Amino acid sequence: MDWNNNQVILDAYNANPTSMAAAVRSFISNDAKHKVAVLGDMLELHRDSQQYHHAIGDQLKQYPFDQVILVGEEFKQTQTPEQYIKFGNTISAKAYVLDQQFQHKTILVK
């Protein structure tokens, strides 16, 4: 979908480790030049949650995103490069994204 001169790929239905990793791989294969990843916590993973969120963080490090925005308490606790932006909740993340006034980006929302 188009939003303010950006292309948004909205894949916000129930994330799990497999679908999250696949979405990131698929997104990176997209021909777009300027990519922003906005990823939210994968819920209901119970005791393995931190391990799975950390694995997604490691996967993200392999790719040259313009920006990575992580949303949720689980992602907030992961060890990621300091340039990744982290928010504990969607309200703060939404305010940040709107404030950025992105232009000509391809944005994955997962």
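Owing to the predicted nature of the structure, the values given are computational and were not obtained by experimental measurement.
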*Asks:* Quick one, Gln79 and Asp58 - any side-chain contact, counting heavy atoms below 4.5 Å?
*Replies:*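 No. Closest side-chain heavy atoms not under 4.5 Å.
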
*Asks:* What distance separates Lys110 NZ from Met20 CE, expressed to the nearest 0.5 Å?
*Replies:*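 Lys110 atom NZ to Met20 atom CE measures 6.0 Å (nearest 0.5 Å).
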
*Asks:* Measuring from Asn6:CG to Gln101:CD, what's the distance to the nearest 0.5 Å?
*Replies:*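 Output value for this atom pair is 11.0 Å.
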
*Asks:* Mind telling me whether Phe75 and His53 have parallel, tilted or perpendicular rings, with 30° and 60° as the class edges?
*Replies:*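 Correct class here is perpendicular.
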
*Asks:* Quick one, Leu60 and Leu70 - any side-chain contact, counting heavy atoms below 4.5 Å?
*Replies:* yes

*Asks:* Using the rule that Ile, Leu, Val, Met, Phe, Trp and Tyr join whenever any side-chain heavy atoms are under 4.5 Å apart, tell me whether Leu10 and Ile69 fall into a single cluster.
*Replies:* yes

*Asks:* Any side-chain heavy-atom pair from Leu45 and Gln51 closer than 4.5 angstrom?
*Replies:* no

*Asks:* Rounded to the nearest 0.5 Å, what separation is found between the CG atom of Asp11 and the OG atom of Ser26?
*Replies:*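 One gets 8.5 Å once the value is rounded to the nearest 0.5 Å.
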
*Asks:* With a 4.5 Å cut-off on side-chain heavy atoms, are Asn16 and Tyr52 touching?
*Replies:* no

*Asks:* In terms of heavy-atom contacts, does CG of Leu98 have more than 12 from other residues, nucleotides or ligands at under 6.0 Å?
*Replies:*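 More than 12 within 6.0 Å, yes.
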
*Asks:* Crowded around Lys61 NZ? As in, over 12 foreign heavy atoms under 6.0 Å?
*Replies:*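 Yes.
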
*Asks:* Assess the residue pair Met42 and Glu74 against the criterion (side-chain contact (heavy atoms from CB on, under 4.5 Å)); give the C-alpha distance rounded to whole Å, side-chain angles, the decisive distance to 0.1 Å, and a yes or no.
*Replies:* CA-CA 8 Å; Met42 300 172 283; Glu74 293 292 331; over 6 Å; no

*Asks:* Do Gln67 and Phe102 make a side-chain contact, defined as non-hydrogen atoms from C-beta onward lying under 4.5 Å apart?
*Replies:* yes

*Asks:* Starting at NZ of Lys94, measure out to CD1 of Ile91 and round the result to the nearest 0.5 Å.
*Replies:* 9.0 Å

*Asks:* Could you tell me if the side chain of Thr106 sits less than 4.5 Å from the side chain of Phe27, heavy atoms only?
*Replies:* yes

*Asks:* Within the side chain of Asp41, is there an N or O that forms a donor-acceptor pair under 3.5 Å with the backbone of Glu73?
*Replies:* yes

*Asks:* More than 12 foreign heavy atoms under 6.0 Å from CD of Gln103: is that the case here?
*Replies:* yes

*Asks:* Return yes when atom CD of Gln62 has more than 12 non-hydrogen atoms of other residues, nucleotides or ligands closer than 6.0 Å, and no otherwise.
*Replies:*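 Above 12, so yes.
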
*Asks:* Given Leu39, which partner from the list Val109, Leu108, Val71 fulfils the side-chain contact (heavy atoms from CB on, under 4.5 Å) test?
*Replies:* Leu108

*Asks:* Are Leu43 and Val24 joined in one hydrophobic group, where the rule is that I, L, V, M, F, W and Y side chains link up if heavy atoms are under 4.5 Å apart?
*Replies:* no

*Asks:* Would Trp3 and Lys105 satisfy side-chain contact (heavy atoms from CB on, under 4.5 Å), going step by step from the backbone distance to the final call?
*Replies:* CA-CA 10 Å; Trp3 171 68; Lys105 305 281 187 192; over 6 Å; no

*Asks:* Using the side-chain contact (heavy atoms from CB on, under 4.5 Å) rule, take Ile9 and Asn30 through it: C-alpha gap first, then chi angles, then the decisive distance, then the call.
*Replies:* CA-CA 11 Å; Ile9 301 168; Asn30 182 306; 4.0 Å; yes

*Asks:* Got Gln7 and Ile107 here, is their nearest side-chain heavy-atom distance under 4.5 Å?
*Replies:*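 A side-chain contact is absent here, since even the closest heavy-atom pair is not under 4.5 Å.
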
*Asks:* Calculate, to the nearest 0.5 Å, the distance between atoms CD and NE2 belonging to Glu44 and His46 respectively.
*Replies:*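 If we round to the nearest 0.5 Å, Glu44:CD and His46:NE2 are 6.0 Å apart.
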
*Asks:* Specify the closest pair of heavy atoms between Pro64 and Ile28, including all atoms of both residues, with the distance to one decimal.
*Replies:*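 Taking Pro64 first and Ile28 second, the nearest heavy atoms are CD-CD1, 4.2 Å.
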
*Asks:* Could you go step by step and tell me if Thr78 and Tyr84 meet the side-chain contact (heavy atoms from CB on, under 4.5 Å) rule?
*Replies:* CA-CA 11 Å; Thr78 59; Tyr84 288 11; over 6 Å; no

*Asks:* Among Thr90, Asn89, Ile85, which residue satisfies the side-chain contact (heavy atoms from CB on, under 4.5 Å) criterion with Phe87?
*Replies:* Ile85

*Asks:* Is there a side-chain contact between His104 and His34 in this structure, where contact means two heavy atoms from C-beta onward sitting under 4.5 Å apart?
*Replies:*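 Side-chain contact under 4.5 Å: no.
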
